[in-house]
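Remember, predicted model here, so these are calculated numbers, not experimental data. Residue indices begin at 1 and follow the sequence shown.
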Amino acid sequence: MPKPPQVHELEFIRITQNHGEFSKRLSSIQVSNGADDMAHAQHVGLCWFKLGEEHLAEAKTAAAGGTRRSAYSRAYYAVYNVSKATRYLVNGVVSLKGDDHKQASVLPDDFPDAVRWAIAISSLYQNRLRADYDNWSTTAADFDMPVPDAITSSETCVSAARTYLVTKFG
């Protein structure tokens, strides 16, 4: 069961850097309980996953309210944070800087339909960039999917990640 680390989550990430490697190193010198380390890492990953679910709910609210730009933005951030949770739990590490957006579509090798989701995440990212930064005369026509499709894509990706993580980690 995920449990918070004894320190703030960001401090846990800073100290461990790669939680999987950190746990192995400590276990090799019989200093740490690997189960506790993984429970802490799962807590951190779950925090990102919950943030993704919150963004998805906000995307749906924005779409229902007709705020299209916000809907695109939140739909992307839903999958981004779920991807971050997934990559952190499986790979042990993610970047806490803006460069991590480049990794959002790089899912673990055993993630079902990883190529499909990589394309979907990249498309949601491009729409998010347009929504957040562009205000040209062609911007409205430049979105490559309607808002309902962006919401559905995001929702389905979040669901696939949930199933994957539950199957992998329980």
Side-chain angles (χ1 to χ4, degrees), residues 2 9-10 13-14 17-21 41-170:
E9 290 89 349
L10 289 173
I13 294 167
R14 188 191 66 71
Q17 295 179 5
N18 180 319
H19 71 79
E21 293 300 318
Q42 286 177 339
H43 168 79
V44 171
L46 186 59
C47 288
W48 273 314
F49 200 96
K50 286 179 179 178
L51 181 58
E53 291 177 322
E54 186 176 322
H55 287 309
L56 179 58
E58 291 169 354
K60 291 176 181 180
T61 300
T67 52
R68 189 169 109 163
R69 288 177 180 270
S70 293
Y72 280 121
S73 185
R74 296 301 92 190
Y76 165 70
Y77 275 105
V79 298
Y80 169 70
N81 281 290
V82 165
S83 166
K84 191 174 201 98
T86 302
R87 291 178 289 115
Y88 178 72
L89 289 169
V90 174
N91 301 333
V93 65
V94 291
S95 174
L96 297 178
K97 299 177 182 173
D99 64 340
D100 191 61
H101 288 278
K102 295 176 185 170
Q103 299 302 312
S105 62
V106 182
L107 297 168
D109 291 338
D110 63 340
F111 194 94
D113 294 327
V115 172
R116 172 185 171 210
W117 294 120
I119 293 167
I121 291 169
S122 295
S123 179
L124 287 164
Y125 178 65
Q126 291 305 313
N127 284 293
R128 194 279 297 182
L129 290 175
R130 285 183 195 97
D132 287 350
Y133 301 113
D134 292 356
N135 196 30
W136 318 123
S137 58
T138 61
T139 299
D142 288 341
F143 292 105
D144 66 5
M145 66 174 69
V147 169
D149 292 354
I151 302 293
T152 299
S153 180
S154 181
E155 187 172 41
T156 308
C157 185
V158 168
S159 178
R162 182 183 302 106
T163 300
Y164 170 77
L165 291 172
V166 168
T167 301
K168 191 163 189 84
F169 297 107

Exercise for review: Measure up the Y76 and Y125 rings against each other and bin them: parallel (under 30°), tilted (30 to 60°), perpendicular (over 60°).
Suggested key: tilted

Check your understanding: Where does the angle between the aromatic ring planes of H55 and Y77 fall among parallel (under 30°), tilted (30 to 60°) and perpendicular (over 60°)?
Key -> tilted

Exercise for review: Count the heavy atoms belonging to other residues, nucleotides or ligands that lie under 6.0 Å from CG of D109, then report whether that count exceeds 12.
Suggested key: no

Review point. So, are D132 and R128 salt-bridged, with charged N and O less than 4.0 Å apart?
Key: yes

So, does [X] use its side chain to make a donor-acceptor pair with the main chain of [Y] at under 3.5 Å?
X    : Y    : value
S153 : D149 : no
R68  : A140 : yes
D144 : N127 : no

Please round to the nearest 0.5 Å and tell me the distance separating atom [atom1] of [X] and atom [atom2] of [Y].
X    : Y    : atom1 : atom2 : value
K97  : K102 : NZ    : NZ    : 12.5 Å
Y72  : L129 : OH    : CG    : 13.5 Å
L51  : F49  : CG    : CZ    : 11.5 Å
L165 : Q42  : CG    : CD    : 9.5 Å
D142 : W136 : CG    : CH2   : 11.5 Å
S122 : L124 : OG    : CG    : 9.0 Å

Review point. Quick one: are F169 and V90 in side-chain contact, heavy atoms under 4.5 Å?
Key: yes

Review point. Is D110 close to K168 at the side-chain level, that is, under 4.5 Å between some pair of heavy atoms?
Key: yes

Check your understanding: Strictly by modelled atom types, are Y80 and K84 linked by a side-chain donor-acceptor pair under 3.5 Å?
Key -> yes

Check your understanding: Cut-off 3.5 Å, side chains only: do S83 and R87 have a donor facing an acceptor?
Key -> yes

